[in-house]
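Let me begin by presenting the structure, written as C-alpha cells, before commenting on it.
Labels below follow one simple rule: chain letters A, B, ... track the order of the sequence lines, proteins then strands, and each chain is numbered from 1.
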Amino acid sequence: MIPTIRQSPLFRWTYRAYVLAFFIYLALPLAVVCVFAFNDSLFPSLPWQGFTWDWFIGTERPRLGVFNERPIIRSIWTSAFVAVWVAVLSVAVGTTNAFLFVRHQFRFKNGLYVLMLLPLVIPGIILGISILVASNTLANTLEDATGMWFDSLRPGLPLVILGQFSFIATFATLVISARLEKFDRSLEEAALNLGATPLGAVWAITIPFLFPAIAGATVVAILMSFENFNTTLMLVGSDAPLTITMFDRLKEGSTPVLNAVSLLLMVASAALGLVSLLLQGRKD
Amino acid sequence: MAEAVNDLDCRDISKNFAAFKAVRDVSFSVPPGTFFSILGPSGCGKTTLLRMIAGFLEPTSGDLLIKGRSMLDVPPNKRPVSMVFQHLALFPMMNVAANIGFGLRRRGVAKAEISKRVEAVLERVGLPGAGPRGVDELSGGQKQRVAIARCMVLEPDVLLLDEPLGALDLKLREHMKIELKQLQWEFNTTFVYITHDQSEALVMSDQIAVMNHGVFEQVGTARDLYYNPETAFVAGFVGESNRFAGKVEEANGTALKVRTPGGFALSGTAAAGSLGVGDAVEVFVRPEAVRLSHAADGVAGQPNVSSGVVDSVLFNGANSRVLIRDAATGGEIDVALPQTGEFHSLKRDDTVHVGWDAGQTLCFAAAEQGR
Amino acid sequence: MAEAVNDLDCRDISKNFAAFKAVRDVSFSVPPGTFFSILGPSGCGKTTLLRMIAGFLEPTSGDLLIKGRSMLDVPPNKRPVSMVFQHLALFPMMNVAANIGFGLRRRGVAKAEISKRVEAVLERVGLPGAGPRGVDELSGGQKQRVAIARCMVLEPDVLLLDEPLGALDLKLREHMKIELKQLQWEFNTTFVYITHDQSEALVMSDQIAVMNHGVFEQVGTARDLYYNPETAFVAGFVGESNRFAGKVEEANGTALKVRTPGGFALSGTAAAGSLGVGDAVEVFVRPEAVRLSHAADGVAGQPNVSSGVVDSVLFNGANSRVLIRDAATGGEIDVALPQTGEFHSLKRDDTVHVGWDAGQTLCFAAAEQGR
Amino acid sequence: MNASGKRLTLILLMAPLFIWLVALIVIPHIEILYVSLREKVGVREYEFGLANYMVFFNEPLYWNTFMRTAVMSILATALTLLIGFPVSYYIAKLTRGRSKTILFLLCLIPFWVSELVRTYGWMILLRESGLVSGFLQYIGLASEPIEFLYNDAAIMVGLVYTSMLFMVVPLVTTLDSLDDSMIEAAYDLGGGGVSVWREIVIPHAMPGIVSGCIIVFMLSLGNYLTPILLGGKDSLWFTGLIYSQFITRFNWELGAAFGMLLLVLSSTIVWAGLKLSGQTLTRTMGR
Amino acid sequence: DTLRLLTWGGYAPENLIEKFEAETGHTVEVTLSNNEEMIAKLRATDGGGFDLAQPSQDRIAGAQAEFGIYKPIDLSKVDAALFIPSMLEATKGNTTYDGEVYGVPHVWGTSGLVVNTAAAPGVKDYVDLCSDDVAGKVSYRLKRPTLIGFAFSMGLDPFAAYNDEAAYKDILSKVEEKLISCKPNVKTYWTGGDEITNLLRSGEVVAAMAWDTGGWKLNAENADITFVAPTSGALGWIDTFALPKRGRADQAAYDWINFVMKPENAALVTESAGNFTASKGGDADVNAELKARYQKSFPQEAIDNIKWYPPVPAGLEALEGAVLDRVNAAN
Ligand SMILES: Nc1ncnc2c1ncn2[C@@H]1O[C@H](COP(=O)(O)OP(=O)(O)OP(=O)(O)O)[C@@H](O)[C@H]1O
Ligand SMILES: Nc1ncnc2c1ncn2[C@@H]1O[C@H](COP(=O)(O)OP(=O)(O)OP(=O)(O)O)[C@@H](O)[C@H]1O
Ligand SMILES: NCCCCNCCCN
Ligand SMILES: [Mg+2]
Ligand SMILES: [Mg+2]
C-alpha cells in the first residue's frame, strides 16, 4: 500500500513486475520504430537486413533519405511554422485569460469558464469541420459582397493555425492559471509599496514568476501542434504539416523513411522536453 | 515646530464592504518615532485599516494624513510609507540585494549609489555581505530582517507591519519580538504594527490601540491597558483574567458589591462609567492578583475570600497555574502559582484558600459587551 | 497483579536510516493511565519512535511490548494502539460519524451498535449530535476532538499523539492543552504524547521524557525536569534560563566557583556528575530565580551579585521581564519582573542590582553538550 | 486603481477570450448545426429540414457504427483506467524523490511523438510480418506468421496506448495529494487493503479518475488514425464516417449532421459520467 | 511562379520537376491525392489552394456542376499537337460542362487484376477473388471502381444504368450482396498504390483488384506476379489536367501541361507511374520491357474489351457511398 505498511514479498514483486511490464509496453512501439529506421531493407519489418544510414542520408530512389526528401523537409518547416504561431497565440491568450479568471470577478464568470474548458471535450474532428464550414460560409459571404478573394479563410495554414489554437489555448490557460493561482498578491502590492507602477509591478514581479508556466505552456503547445492530426486534416490546404504528409505516405505503404522521420521527431521532442524541464526546475 | 507634526493622523476613517462596516470612524495620531501597535482579534479590521494607510484600499470616509499631508489622492506607489507584509512578500526571483534595491531602482537612483545604500542597510540589520544570497537560502529571522531592510532603505516616514511574526515558530517569535523593538529604536522610524498576539503588542509598543469590531476600544501604553482597562473587552483581551458575571447589590461611588448567579459575593471597583444597584456587570480578576494560602487565616484580611479544592495544577515553571474549584459555587478560579517553595507539593484535591483585593476586581457594565 | 503489567514497554529500541541513527537504545515503561510525553527539538527522533510503536516502522533492534505482549510481528492494523496524527488525518470524504465509525466497521460491529457507540463517544468529547456534519465544517478544536474520539471509540490500550496541537493557533492551543489533559483523565487511557513545545509537556504530563539526538536525556515529572535537570540540554531546553559559559576555579564537593570569559565570578552547584577545577562548564540560572533591587543592599546577602543598567523592560503583564546589561562584563541578564508595585516605573537606563542563590545556579560539564 | 481603470483592464483582458471563444468555438458550432439542417434537393439546391438526421436514423449502418464507437470508447476508457491505476498508484505512493520523477517522465516520453508514429510502431509490431509474429515463431509458439493487425483487439491496444498519458497524469496528481497519513490512519484504525482502497484511496482519487476518464473517452471517441490504421476491414469508426462524408463524399450536409450527433453523444456521456460520480467539469478539468 | 500541383503518385517524378524548374524558372510543389480527395479539397477551398489538378476525366463534369470548382481550359494555350488526337477529343467531350471544356488528357490506364500466378492461378475475373482457393489473401479497394468491376464481372452493365437511378440501385444492391459475402476472403481493403504493391510483394496478398501499372512493376521483380485483364474487361481511365477555379499560376500550369506532354518528358512519367500517356509519340522512348508487359497483359481482344468510364452524373456517388459504407461495416 505505502512503504510504511509491510506487504508480502510475493505481492511486492508481482507489483514491480507489473509496473515493469507496463513500461515495456510503453517503450516497445517507439523502440521498434527507432530500430527499423536503420534496417537495410525497403520495408520496416522483419527480417533484419543489416544496418544502414540510407534512410537518413540516401540520395537515390527508392532509398532516398529524409534529408533529401524535399516534401518531408518542406512539411517539417510547415509544421514548425504552424507550431510557432500556435504557441505564440495560445500563450498570449492563455496569459490574458489567466489574469482574467484568477484576478477578476464579473458576471457570468463561471459560465465563461466552462465555455473556455469546452474545447477539451469537443472531438478534434468537430472543431476541424466546424471551423472549416464556418470560414467557408464567411468567405463565400465576403466574396459575394466585395467581389474580392479571401484566400486565408479557405483551407490552408491560417486555418490550420486557428484550428489548433482553438483548443491548445485552453491548455495554455490552465497551465498558466494554475501558476498565477499560486502567486501571492502581496508580492505585487509590495512592489507598488516600493514605488512601482501597477503595470511595472506586473512586469517586474508577476511575469517573471509566471515564466516557468509560460515556458511550459509554450513547449506543450509546440508538441501538441506538431502532433495534431484530427483538426489539421480538415483544415489543411496545399501546405501540409508533417503529420499529414506522413499519413499520406503511410496510406501508400510504409518505408523506413517514416521511421527515420519519427526518430528525428523523438529526438527533437525529447530535447524540447528536457529544456522545458530545466527551465521549470530552475525556478520552482 | 517640527515636533508638532504627527507622522500619521487618521481622522474619522471608515471602510465599508457593501453593507459590512469593517472599520468605523477610527481616529488616532502617531507622533514621530513611536512604536504604535494595533491589537485585536482576528477579523476586527486591523488589516483593512493598515491597507488604507498603505493606499491599497480607499477609505469610505474620513481623512488620512502623513506628516500633515492628506494622502487620499496619492496612489500607493507614491506614499511615503513602506509596508512589511504578513508573509514578508520578498521577491523570490531576486536575490537579497535586488530585493532591497527594488524601490531605489524605481526611484531611478544610480546603480553605484544603490549598491552602496543596500550594503549600508544590510549592515544595519546585521546581515553584512548577504546581498548576493538567494531569498530561499535565508532563515526565517533573516528573511524578516531583509523585509525590514527593503523598506528602511527607502527611508519611509512610517513603516507599516502586518503581523510580520505570524509565520515564525514559537522560539523564533520570542526572539524577534526583542529584535524588532531594537531595530525600531535604531532606525528611529515610526512603526505601525498589527498583531492579534497581546504579548507581542505589550512587549514592543510605546502605544497600543486595542481594536474590536472596527473601532478602537482604548489607546494607551501597555501598562495602561493591563492595569487600567477601560472596557470589558480590553480587560478580557489583554492578559489572562478570571471572569465572573453578576449583578450589583450595593454601590458606593466606585466601590461595588456584586453577586454572581452562583451566589458568590464580590467586592469590586467600577472601572469605567458609573454603575448602580441592579446593573448587570462583568468582573475581571487577574490570576496573579489572587493570593493563595493553605490556611484560611492566610487570606483572612482580604475583601474577597473563597476556599476550594485543587482541580489541577498546571505546572509551567515560572508561569505555573492552579485551577481551584470553589467549594461554595462550583465555579473555577485560575490562580498564579507563587514562586515560593510553599506550594511545590500542591496537588489535585488539596484544599486551599484564596483571597484578593477589591481594587483588583474590575467591574464593567455587561451591556457594553454585546455589540 | 494486573497492576504490575505496563501498558507500554520499550526495550533498547533503535532505528537506523542507512548510516544515520535516528533512535538509539531507548528504553522506557509507561504504567496504565499515565500521560507520558516525549519532549525534544525538531529532528530528534520523536516521530520515528512513535511510528515504531504504531507499527509503521520496524525497529532496527530492541523490543516493544504492549500490555506485556511483544508487538514486533503485529501489523499496524492489529495493534491495540491508536494514533492521533499531527494533521489529524481525518478522512475528508466521510462525515464525522463515518470517521469515528470507521474502526468499528472494520471490526464488523453491527450498524446499530456503531451509531450508538459513536454518539456516546461524541458526547464524551463534548460534541453531541455532530455526527452528520462534514469534517470541513468543524473548527480546529472540534477536529481535534473528533480525531481523539475516532481513536477512543476503539478503546485502545495506548493512545499515541504526534504534536496534535501543532497546527492550532495560539489561543486555541492554550485551551486545548487543558482540555486534552481533561480528556485523558476521563477516558483514563494511557497517552503517549509527542511535542517540541515545553509548555505543552510541562502542563499536561504525568511523566516527561526529554529526547535529544535519538536518546532520552532524562525521564521524570515536570517539576523534576524544571528544578532538577540532569543534563545541560535539559536545563536549557526546559523553561527559560540565563546561560553562561565558564571555567571552574574552585570546587568544594558540589559547590563551585566559576569564572566566565568576561570575568564574571559565579557561585554555583554541580547539577550532575562531579566537576573539578579547570573544567569547562555551562551555567544556567532561571530568570525568576534572580532577585532585583534598586539599591545594592537589597541583594547584599546573595552569593551572586551584579549591577547594571536596564536595557529594556519587556512588559507582559504577569510574565514581564527586564533585560539588564551587566556593568562589569557587558553581558545581558534576563530577570523576571516581580509582580510587586515596586518596579512598575522601571525604565530603560535605570541602574539596578541583581543577586541570586548558588543553589539556583546549576553547572554542567560543557563537553556533555556536543554530541 | 480607480474604478474606470479597473473596468478598462477587465475589458482588455476579456477581449481575447471573447474573440477566441466566439469566433472559433461558438459561431462554428452554430454554423455546422445550420449546415446539418440543409437538405440537398438537387444540384446546388438546398432546403431547410431534418433529412440528414433521418438518413442517420434510417440507416442501421450509421446507427450501429455510432453505438459501436461509443461502446468501444467506453471499453477503452475502462481498460486504460484498469491498466493505468496501479501504475499511477505505484508512482504516486510507492516511489519517492528522484525515482518518482524519473518514472513519471518515463510515462510522458512516448507522448513526445505524434499519435501517428505511435500507431505506426504498433503496425510494425503487429503486422503479419511483424515482430510479435516473428517472436512467436522464434520461440516456437507459432508455426507460421500470424496476423495481429486489422482487428478490434488491435484497435483496443492502440487506443489504450495512445490515451494512457491522459489517464496517468491526473491519477498521479490526485494520488500524490493523498496524504500518507490518511492511509496510515485507516490502517491504524484496523482497516485492511480492500477497505482502505474502497473507502479512502478511490474516493480521494475520484476527481482524477473522472478527469482521466473524460479525456480518454473523448480521445477514443474522436480518434481517427488508430481505427483506420490498425482496424480491420469491418471496423468502422464514427469519426471515420464524418471524415469520409467530408473528404471522400464531399457531402458536408450529412457530415455536419454526423458531427452534431457525435457532439451530442459525447456531451451526454460526459455529462452522465459527471453526474454519476458527483463531479463537475470545472472541478475535474479546471484542476 | 510556384506551381501547386494536386496529383496522383508517380505523375510528377522528381527528375521531371527538376528539369521543368531548370527550363522555366517556376518551382513545383506536389500534393498527392486521389479523385475523391481532389474534389473534396477543391470543394473546401472553393477551387483555391492549387494551380493544377489531375482528376480522372469521368469525375470532372459532375463535380463542376455541383461545386463549380474549376475554370475552363483556354485551349489556345495548350499545344494540341502534343496529344493523341482521339484521346484529346474524347476527353474534351467528357469534360464539357455548360459548353466549356474543363479537362485535357494526361495519363491513361486500366484497373484489373494483379495476380501471383503461381499462388493463385485460378483468378481470371473479379468474382474469382471470392473463391475459397484464395481465402484471406486477396485485397481490393472500397471505392467505386470496385463496384463497377464486380458489376461487369457479375454480368451486369452499370454504365448503361448511369442515368436510370432505379436500375443502378438494383445493380448496386446485387454487388453489395456479393461484396459482403466475399468479405471473409479479403485481407484488407487497400487505399494506396504502394500499399497494395507491398502486400503483393511480401506474399501477404496473392490476388488483388488493382491498377495495371502495379502489376507490371512487380512483374519486374517477381515473374510470377503480373497484371491480368479480367475476362469481363479491364476498366479504362484517363487522368486529366484541370484548372482549379482560383488557381493563381495559370501560366505555370499551361507551361507544365505543354512541358510534360512532350514525348521525352511523357516517357519519364510513364517510367515513374508505369502508365502510358496521351502524349503523341510518348511511348517511343519507353523501355521495351514495359511495352512487352503491356502487350502480354493486353492482347487485342482485351484491349477491345476495355470498359472506358463515362462521366459520372452528379449525385450518383451518394448512392455508391452508402453501399460502400455498408460493405465496410458488414460482418
Ligand atoms: N474585500 C473584502 N470584502 C468584504 N469583506 C472584507 C474584505 N476584506 C476584509 N473583509 C472583512 O472585513 C473584516 C476585517 O478584515 P481584516 O482583514 O481587516 O481583519 P484583521 O483584523 O486583519 O484579521 P486577521 O487578524 O485575521 O488578519 C473581516 O470580517 C473580513 O471578513
Ligand atoms: N525515512 C527516513 N529516512 C531517513 N532519515 C529519516 C527518515 N525519517 C526520519 N529521518 C531522520 O531521522 C531524524 C528524526 O526524525 P523524526 O521525524 O523522528 O524527528 P522528530 O523528532 O519527529 O522531529 P519533528 O519535531 O520535526 O517532527 C531526522 O533527522 C530525520 O531527518
Ligand atoms: N499510380 C497512379 C495510378 C493513378 C490511377 N488513377 C486512377 C483513376 C481511377 N478512377
Ligand atoms: Mg489581517
Ligand atoms: Mg515529528
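The two residues A:P198 and B:N77 have their closest heavy-atom pair at CD-ND2, 4.4 Å. Taking both residues in full, the closest heavy atoms of A:S186 and B:F85 are given as CB-CD2, 3.5 Å, listed atom of the first, atom of the second, then distance. The minimum heavy-atom distance linking A:A204 with B:M94 is given by the pair O-CE, 4.1 Å.
Side chains of A:T197 and B:P75 form no contact here, defined as non-hydrogen atoms less than 4.5 Å apart. In this structure, B:M83 and A:L194 have side chains that are not in contact, with every pair of non-hydrogen atoms separated by 4.5 Å or more.
Applying the side chain to side chain contact (heavy atoms under 4.5 Å, CB included) criterion to A:A98, with sequence neighbours excluded, gives A:I176, A:S177, A:L180.
Within residues 117-147 of chain B, no residue approaches chain A closer than 4.5 Å by heavy atoms. Listed by sequence position, B:R51 are the residues of residues 35-52 of chain B in contact with chain A, using a 4.5 angstrom heavy-atom cutoff.
Around NZ of B:K21, the count of heavy atoms belonging to other residues, nucleotides or ligands within 6.0 Å does not exceed 12. Residue-environment remark: NZ (A:K109) exceeds the threshold of 12 foreign heavy atoms within 6.0 Å. Residue-environment remark: CZ (B:R69) stays at or below the threshold of 12 foreign heavy atoms within 6.0 Å.
Neither the backbone nor the side chain of A:A201 comes within contact range of chain B, judged by heavy atoms closer than 4.5 Å. Proximity to chain A (any heavy atom under 4.5 Å) is shown, for B:F91, by both the backbone and the side chain. Only the backbone of B:L90 comes within contact range of chain A, judged by heavy atoms closer than 4.5 Å.
Listed by first and then second residue, the side chain to side chain donor-acceptor pair (under 3.5 Å) pairs that reach into residues 89-111 of chain B are B:N99-B:R150, sequence neighbours excluded.
With values rounded to the nearest 0.5 angstrom, B:M93 atom CE is found 7.5 Å from A:T206 atom OG1.
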### Query
Given the rule in the side chain to side chain contact (heavy atoms under 4.5 Å, CB included) test, do A:N193 and B:R79 qualify, once you have shown the distances and angles that lead to the verdict?
CA-CA 8 Å; A:N193 188 255; B:R79 295 195 185 189; over 6 Å; no
